[in-house]
Amino acid sequence: NKDLKNKSYWACLSNYFVRDTFIQGYSYPTVEHYFQAQKFSSKEYKDEIRAARSGLQAKKLGSVERDDIVENWDEIKDDIMRRGVAAKFHQHQDLQAVLMATKQAEIIFKSSTDSYWGKGKNGGENKLGEVLVSVREELRLGQIRLAMQCHGVNFN
């Protein structure tokens, strides 16, 4: 597939990809904006992060040491990331098509600076790759379910 070598085709898999996504009553320009805003309890600071001019700026704001960081952040951050990624791909059919084009492939978020969400030369946990694969599978199961319902299969 020629698209495999076209980096811009896959750009939407990034959390920095700009596509307004509506989550929990607010619109976020990127998943990164959403993720970083959820670290804090202050509505004003969340709004400041949501208004950041880029995903990178949102990440910088989210990295500031503050007293209002959500107490159990390390316990909930994976679920927050999954919620943001899932919302983006559920709300945008064109982006969903790109994610589905990965078929059964392992998705690796290459990062030399983030060994939790990504994977680099020295390894890493690749949690973002796992989230993308999980959302892809959720979408695939939803498509199968819809097709079966169209053929008269009832799931009640």
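Note that these values count all heavy atoms, side chains included, but never hydrogens, waters or copies made by symmetry.
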Residues 118-141 vs ring-ring contact (aromatic ring centres under 6.0 Å, His included), sequence neighbours excluded, gives none
Compile the donor-acceptor pairs under 3.5 Å between side chains in residues 80-91 and protein atoms, sequence neighbours left out, one pair per line.
residue : atom : partner : partner atom : Å
Arg82   : NE   : Ser134  : OG           : 3.1
Arg82   : NH1  : Glu138  : OE1          : 3.1
Arg82   : NH2  : Ser134  : OG           : 3.0
Arg82   : NH2  : Glu138  : OE1          : 2.8
Arg83   : NH1  : Tyr34   : OH           : 3.3
Lys88   : NZ   : Cys12   : O            : 2.6
Lys88   : NZ   : Ser14   : O            : 3.0
His90   : NE2  : Glu138  : OE2          : 2.5
Gln91   : OE1  : Phe22   : N            : 2.9
Gln91   : NE2  : Phe22   : O            : 2.6

For [X], give me all partners under side chain to side chain donor-acceptor pair (under 3.5 Å), at least two apart in sequence or on another chain.
X: Ser63; answer: none
X: Tyr26; answer: none
X: Asp78; answer: Tyr116
X: Ser115; answer: none

As a quick check of understanding, evaluate side chain to side chain contact (heavy atoms under 4.5 Å, CB included) for Met100 and Leu139, giving each step before the final call. CA-CA 8 Å; Met100 298 308 283; Leu139 290 166; 3.9 Å; yes
Is it true that [X] and [Y] fall in one hydrophobic cluster, defined by side-chain heavy atoms closer than 4.5 Å?
X: Ile49; Y: Val64; answer: yes
X: Val133; Y: Phe35; answer: yes
X: Tyr45; Y: Ile23; answer: yes
X: Ile76; Y: Tyr28; answer: yes

>> Donor-acceptor check, side chain of Asp114 to backbone of Trp117, threshold 3.5 angstrom: yes or no?
In response: yes
Surrounding CG of Asn72 (heavy atoms of other residues, nucleotides or ligands, distance under 6.0 Å), is the total greater than 12?
yes
The side-chain contact (heavy atoms from CB on, under 4.5 Å) partners of Ile69 (sequence neighbours excluded) come to Phe40, Trp73
Sequence neighbours excluded, the answer for side-chain contact (heavy atoms from CB on, under 4.5 Å) partners of Asp20 is Ser27, Pro29
If I compare all heavy atoms of [X] with all of [Y], which pair ends up nearest, and what's the gap?
X: His92; Y: Thr21; value: NE2-OG1, 3.7 Å
X: Asp68; Y: Ser42; value: OD2-CB, 2.8 Å
X: Thr102; Y: Leu13; value: CG2-CD1, 4.4 Å

(message) Would you say that Trp10 contacts Val98 through its side chain, given a criterion of any heavy-atom pair below 4.5 Å between the two side chains?
(response) yes
Counting C-beta onward and ignoring hydrogens, is there a side-chain heavy-atom pair between Asp94 and Arg19 closer than 4.5 Å?
yes
Enumerate donor-acceptor pairs with a distance under 3.5 Å from any side-chain N or O in residues 118-131 to protein atoms, sequence neighbours excluded.
residue : atom : partner : partner atom : Å
Asn126  : OD1  : Phe109  : N            : 2.9
Asn126  : ND2  : Ile107  : O            : 2.9

Residues passing the salt bridge (Lys or Arg N to Asp or Glu O under 4.0 Å) test with Lys103, sequence neighbours excluded, are none
Salt bridge (Lys or Arg N to Asp or Glu O under 4.0 Å) filter on Lys77, not counting sequence neighbours, yields Asp74
Evaluate side chain to side chain contact (heavy atoms under 4.5 Å, CB included) for Asp47 paired with Arg50, printing each intermediate quantity in order. CA-CA 5 Å; Asp47 289 345; Arg50 200 162 37 87; 2.9 Å; yes
Compile the donor-acceptor pairs under 3.5 Å between side chains in residues 53-60 and protein atoms, sequence neighbours left out, one pair per line.
residue : atom : partner : partner atom : Å
Ser54   : OG   : Leu56   : N            : 3.4
Ser54   : OG   : Gln57   : N            : 3.0

Rounding to 0.5 Å, atoms NE2 (His33) and CG (Leu61) come to a distance of 8.5 Å
